[in-house]
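When a residue number appears, it is its place in the shown sequence, counting from 1. In each ligand, atom 1 is the first atom listed, and ligand 1 is the first ligand listed.
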Amino acid sequence: MFSKRIACIGAGYVGGPTMAVIAMKCPQYKVDVVDVSEARIKAWQTDDLPIYEPGLLDVVKAARGRNLFFSTDIRAAIRESEIIFVSVNTPTKTFGEGAGKAADLQYWEKVAREILHESASPKIVVEKSTLPVKTAQTMENILNANGKKVPFEVISNPEFLAEGTAIRDLLEPDRVLIGSRETPTGLKARQEIVDIYANWVPPERILASNIWSAELSKLVANAFLAQRISSINSISALCEKTDASVLEVSRAVGMDSRIGGRFLNASVGFGGSCFRKDILNLVYICEYYGLEEPARYWESVLRMNEYQEARFVRNMIREMFNTIVGKRIALFGFAFKADTSDTRESPAIYVARKLMDEKAQVAVTDPKALENARIDLAGYGENLDLVEDPYEAARGAHAVAVMTEWELYRALDWEKIFQSMEKPAFLFDGRNLLDHERLFRIGFNVYPLGKSPLKHF
Ligand code: UDX
Ligand code: UDX
């Protein structure tokens, strides 16, 4: 018999890997992962998982059918579990009050009502999705508005995993944050969740807090990470004007142990499902409480990101003699970062669209994200070419632009690529991934980020 029965509603990038790791590490628990999407659930039941994440398949295989189950029967999973993680998506609202900023909580609320409807025994409801501060309050209000007198406790356990390293992040987290009400029943529920992670996470890394701190910490962690990228990206623009190298500056700055060296890579911009959404959320909350200056401060992190994307494209057009009409341009990478198929908020979407709006012929190549690219760029028809093979993408192109830091691009035969391209051949490295000196020697005009370009004319 299983000692705990856990359900997770939402089998996406967060719910799927998190539950797979819990199930693998805790064979004594039963873990049911449920989702409204039949296609997603079917894929979780095969070896062709719905998301690409290094190491994920092995973890799933270790537990699937033993104590890890995937299904669309959300109601049964609610009924049969004591602990329910909710990991449905919370996109930015596109309509009404707070459109473009506030989180759209309709799926969360729907799930809360489903939990209420199906529950005949006490439940601990765990917020896994990133949510605006005080969402737990709303959830409690909904769950406690029941005539059934079923006790519910709401816990906030934000997920800090990053895509591409999800399994490692889950196995060896910097910290696990568990927030609860500080009432006797709240503290007891918190302990239940602590006990799950204690199966593999050292106790000093399991952090307890009040529920509002936990909810806010997730937004703040993402805002701080994004802010570092915007900070270094702002400096990359300055480096290009001053013959400084952003690589040297970020190394020098990052060696200050108070600052630290990670998350200081200049890029064409940050993407992903979280940074933009969470900062918009933070801005919205600040505004809600009348905190104008904090709102404007965090908003500027997003403005800098948009500036960096726009600057990258402007630079490409200017350097290619101010016209790209009819020119083939190869985008190397489309995922928002390496080692994922995810393209949500990828800067490559913006870059590809801008180039095609300027009537360029864009060839997109990516080892994992072409299917998503097809969806993101639907409607561009003739101007768009999606190709598996990077050599094929570059053939006949005037320029290659690196959008994603896939390791495999380093190892390509760049001589061969150069030979197959139109001349002069341009290379715009939006990730500072490649060996710029070498490419210059091959014959490319090379445009790194935050460093002087290497040009033959
Ligand atoms: C997660 C978090 O939940 C989100 O808050 C965070 O900010 C980003 O990461 P993620 O796992 O990436 O979301 O989202 P997604 O891959 O879209 O998965 C959500 C799943 O929930 C989808 O499979 C969707 O079908 C499912 N869902 C959604 C339900 O099962 N029921 C619903 O009512 C809505
Ligand atoms: C992020 C947070 O890291 C994670 O803790 C949270 O749970 C979800 O949001 P994720 O979006 O998966 O994770 O990826 P992350 O590695 O943070 O990268 C986000 C974006 O920033 C990517 O587009 C990446 O390429 C970019 N980035 C990252 C840079 O441009 N420079 C850097 O130095 C680091």
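- Of all atoms in ligand 1, numbered sequentially from 1 with element shown, those under 4.0 Å from a heavy atom of Gly12 are 11 (O), 15 (P), 16 (O), 18 (O).
- Among the atoms of Ile9, none of the N or O lies under 3.5 angstrom from an N or O of ligand 1.
- For ligand 1, the polar-atom distance check finds no N/O of Tyr107 at less than 3.5 Å from any of the ligand's N/O atoms.
- Residue-to-ligand polar distances place Lys110 within reach of ligand 1: an N/O pair is separated by less than 3.5 Å.
- Pairing each heavy atom of Thr404 with each of Phe334, the nearest pair is OG1-N, 3.2 Å.
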### Message
Run the side chain to side chain contact (heavy atoms under 4.5 Å, CB included) test on Asn265 and Asn432 for me, step by step, so that the C-alpha distance in whole Å, both residues' side-chain angles and the decisive distance to 0.1 Å come before the verdict.
### Response
CA-CA 8 Å; Asn265 295 324; Asn432 284 336; over 6 Å; no
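- With ligand atoms numbered from 1 in the order given, ligand 1 contributes 3 (O), 19 (C) to contacts under 4.0 Å with heavy atoms of Ser87.
- At least one donor-acceptor pair under 3.5 Å links the side chain of Glu82 to the backbone N or O of Arg5.
- For ligand 2, the 4.0 Å heavy-atom shell takes in Glu159, Phe160, Leu161, Ala162, Glu163, Lys218, Asn222, Leu225, Ile229, Phe263, Leu264, Asn265, Ser267, Phe270, Gly271, Cys274, Phe275, Phe336, Lys337, Arg431, ordered by chain and residue number.
- Ring geometry for Phe428 against Phe312 counts as perpendicular: the plane angle is over 60°, on a 0 to 90° scale with 30° as the lower cut.
- Counting heavy atoms from C-beta on, the side chains of Tyr197 and Ile178 come closer than 4.5 Å.
- At least one N or O atom of Val88, backbone or side chain, sits closer than 3.5 Å to an N or O atom of ligand 1.
- Side-chain atoms of Glu215 come within 3.5 Å of backbone atoms of Lys134 as a donor-acceptor pair (strictly under, hydrogens ignored).
- Annotation: side chain of Asn222 is in contact with side chain of Lys218 (closest heavy-atom distance under 4.5 Å).
- Interface of Thr90 with ligand 1, defined as ligand atoms under 4.0 Å from a residue heavy atom, comprises 4 (C), 5 (O).
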### Working for side chain to side chain contact (heavy atoms under 4.5 Å, CB included), residues Met24 and Asp58
CA-CA 10 Å; Met24 180 185 75; Asp58 290 339; over 6 Å; no
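- Close approach of ligand 1 to Ser129 (heavy-atom distance below 4.0 Å) involves ligand atoms 2 (C), 3 (O), 5 (O).
- Not a single salt bridge (charged side-chain N to carboxylate O under 4.0 Å, His left out) links Lys110 to another residue, sequence neighbours left out.
- Side-chain contact between Phe85 and Thr18 is absent, with no heavy atoms from C-beta onward closer than 4.5 Å.
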